[in-house]
Asks: 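Please find one structure pasted underneath; my questions will follow.
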Amino acid sequence: MTALLRIDTLQGTDALAAIPSLIAFSNAEFAPYAVLAPAQAATSDPTHWQTLVTEKAGTIHRCHLNDILSGLIFTYANPSGTHIWLAVTAVHARRKGVMRALFASVLARESVGFIVTVNTLPEVFVDMPPFLESQGFHLQAEESVTDGIRSTRKLRFQKVV
């Protein structure tokens, strides 16, 4: 049986309505990594997401694999293009083209010459830097991040569309 991937893109009031499911999905999928990454309380705060949707043209890109929510990307506008703030794939959907399809959806919406940026924590999400490079993203910066308890490196990648 061939897997069926379906992408939908939510903006404005549709994105605002989907924030609770975005938080639930990302928290469930990221739970195993919580001990490795510095805490980011804002990611569970609905007002944080509402602000990104209303003030920075936040957009949710969702991928359904055989009609099951299997991945999502949250983006918001910045002066040079788009920043990918969250990218997550469900454990059951890894290595099935979900993240590749989501990135293609994001890139297809960009104007020529605009820049798409994304940050990742390479010690936590070890597969993300090679994935980003395979998608044509280039490393732009590296910095240390901490929450006062844990610290790690954060890498910033970008791609000119």
Asks: Suppose we screen for salt bridge (charged side-chain N to carboxylate O under 4.0 Å, His left out). Which residues come up paired with Arg6, at least two apart in sequence or across chains?
Replies: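 Per chain and number, Arg6 pairs via salt bridge (charged side-chain N to carboxylate O under 4.0 Å, His left out) with Asp8, Asp67.
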Asks: Is there a path from Phe125 to Leu132 through hydrophobic residues (I, L, V, M, F, W, Y) whose side chains come within less than 4.5 Å of each other?
Replies: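 Yes.
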Asks: Between Ser70 and Ile68, is there a donor-acceptor pair closer than 3.5 Å when you use the side chain of the first and the backbone of the second?
Replies: yes
Asks: Check whether any side-chain heavy atom of Val88 sits under 4.5 Å from a side-chain heavy atom of Phe25, and report yes or no.
Replies: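 They are in contact (side-chain heavy atoms under 4.5 Å apart), so the answer is yes.
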Asks: Atom CD of Gln140 and atom CZ of Arg156: how far apart are they, to the nearest 0.5 Å?
Replies: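 Answer for the CD-CZ pair, Gln140 versus Arg156, is 8.5 Å.
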Asks: Check residues 71-79 and write down every donor-acceptor pair under 3.5 Å in which the side-chain atom is one partner and the other belongs to a residue at least two apart or another chain.
Replies:
residue, atom, partner, partner atom, Å
Asn78, OD1, Ser80, N, 3.1
Asn78, OD1, Ser80, OG, 3.3
Asn78, OD1, Gly81, N, 2.9

Asks: Once you round to the nearest 0.5 Å, how far does CD1 of Ile19 lie from CD1 of Ile60?
Replies: 6.0 Å
Asks: Is there a path of hydrophobic side-chain contacts, each under 4.5 Å between heavy atoms of I/L/V/M/F/W/Y residues, joining Met128 to Leu107?
Replies: yes
Asks: The test is side-chain contact (heavy atoms from CB on, under 4.5 Å); show your working for His92 and Val98 and say whether it passes.
Replies: CA-CA 11 Å; His92 75 271; Val98 169; over 6 Å; no
Asks: Side chains of Trp49 and Trp85: does their closest heavy-atom pair fall under 4.5 Å?
Replies: yes
Asks: Leu16 and Leu52: same hydrophobic cluster, using ILVMFWY side-chain contacts below 4.5 Å?
Replies: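 Both belong to a single hydrophobic cluster.
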Asks: Please say yes or no: joined through hydrophobic side-chain contacts below 4.5 Å, possibly via intermediate residues, are Val124 and Leu86 part of one cluster?
Replies: yes
Asks: Are any non-hydrogen side-chain atoms of His48 and Ile23 less than 4.5 angstrom apart?
Replies: no
Asks: Just how far is it from atom OG1 of Thr120 to atom CZ of Phe157, taken to the nearest 0.5 Å?
Replies: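 Output value for this atom pair is 7.5 Å.
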Asks: Among residues at least two apart in sequence or on other chains, which ones pass side chain to side chain contact (heavy atoms under 4.5 Å, CB included) with Gln11?
Replies: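 Gln11 satisfies side chain to side chain contact (heavy atoms under 4.5 Å, CB included) with Thr59, Arg109 only.
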Asks: By side-chain hydrogen bond (donor to acceptor under 3.5 Å, both in side chains), which residues pair with His64, not counting sequence neighbours?
Replies: none
Asks: Measuring from atom NZ of Lys159 to atom CD of Glu133, what distance do you get when rounded to the nearest 0.5 angstrom?
Replies: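 The distance works out to 12.5 Å.
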Asks: Gln50: which residues meet the side-chain hydrogen bond (donor to acceptor under 3.5 Å, both in side chains) condition with it, sequence neighbours left out?
Replies: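 Result, side-chain hydrogen bond (donor to acceptor under 3.5 Å, both in side chains) vs Gln50: none returned.
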Asks: Mind checking the OG1-CZ spacing from Thr9 to Arg62? Nearest 0.5 Å is all I need.
Replies: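 Here the rounded value is 9.5 Å.
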Asks: Give me the one residue out of Asn66, Leu65, Thr89, Leu5 that meets side chain to side chain contact (heavy atoms under 4.5 Å, CB included) with Lys96.
Replies: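 Single pass found, and it is Leu65.
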Asks: For His138, I'd like to know if atom NE2 has over 12 heavy atoms of other residues, nucleotides or ligands within 6.0 Å.
Replies: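 Incorrect, the count does not exceed 12.
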Asks: So, the side chain of Ser105 versus the backbone of Ala101: is there a donor-acceptor pair under 3.5 Å, distance only?
Replies: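 Not a single qualifying donor-acceptor pair exists.
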Asks: Is a side-chain donor or acceptor of Glu29 paired with a backbone partner of Val91 at a separation under 3.5 angstrom?
Replies: yes
Asks: Does some side-chain heavy atom of Phe103 sit less than 4.5 Å from a side-chain heavy atom of Val116?
Replies: no
Asks: Which residues pass the side chain to side chain contact (heavy atoms under 4.5 Å, CB included) test with Pro122, not counting sequence neighbours?
Replies: Pro129, Arg153, Leu155
Asks: Please answer: with hydrophobic residues joined when any side-chain heavy atoms are less than 4.5 Å apart, are Leu139 and Val118 in the same cluster?
Replies: yes
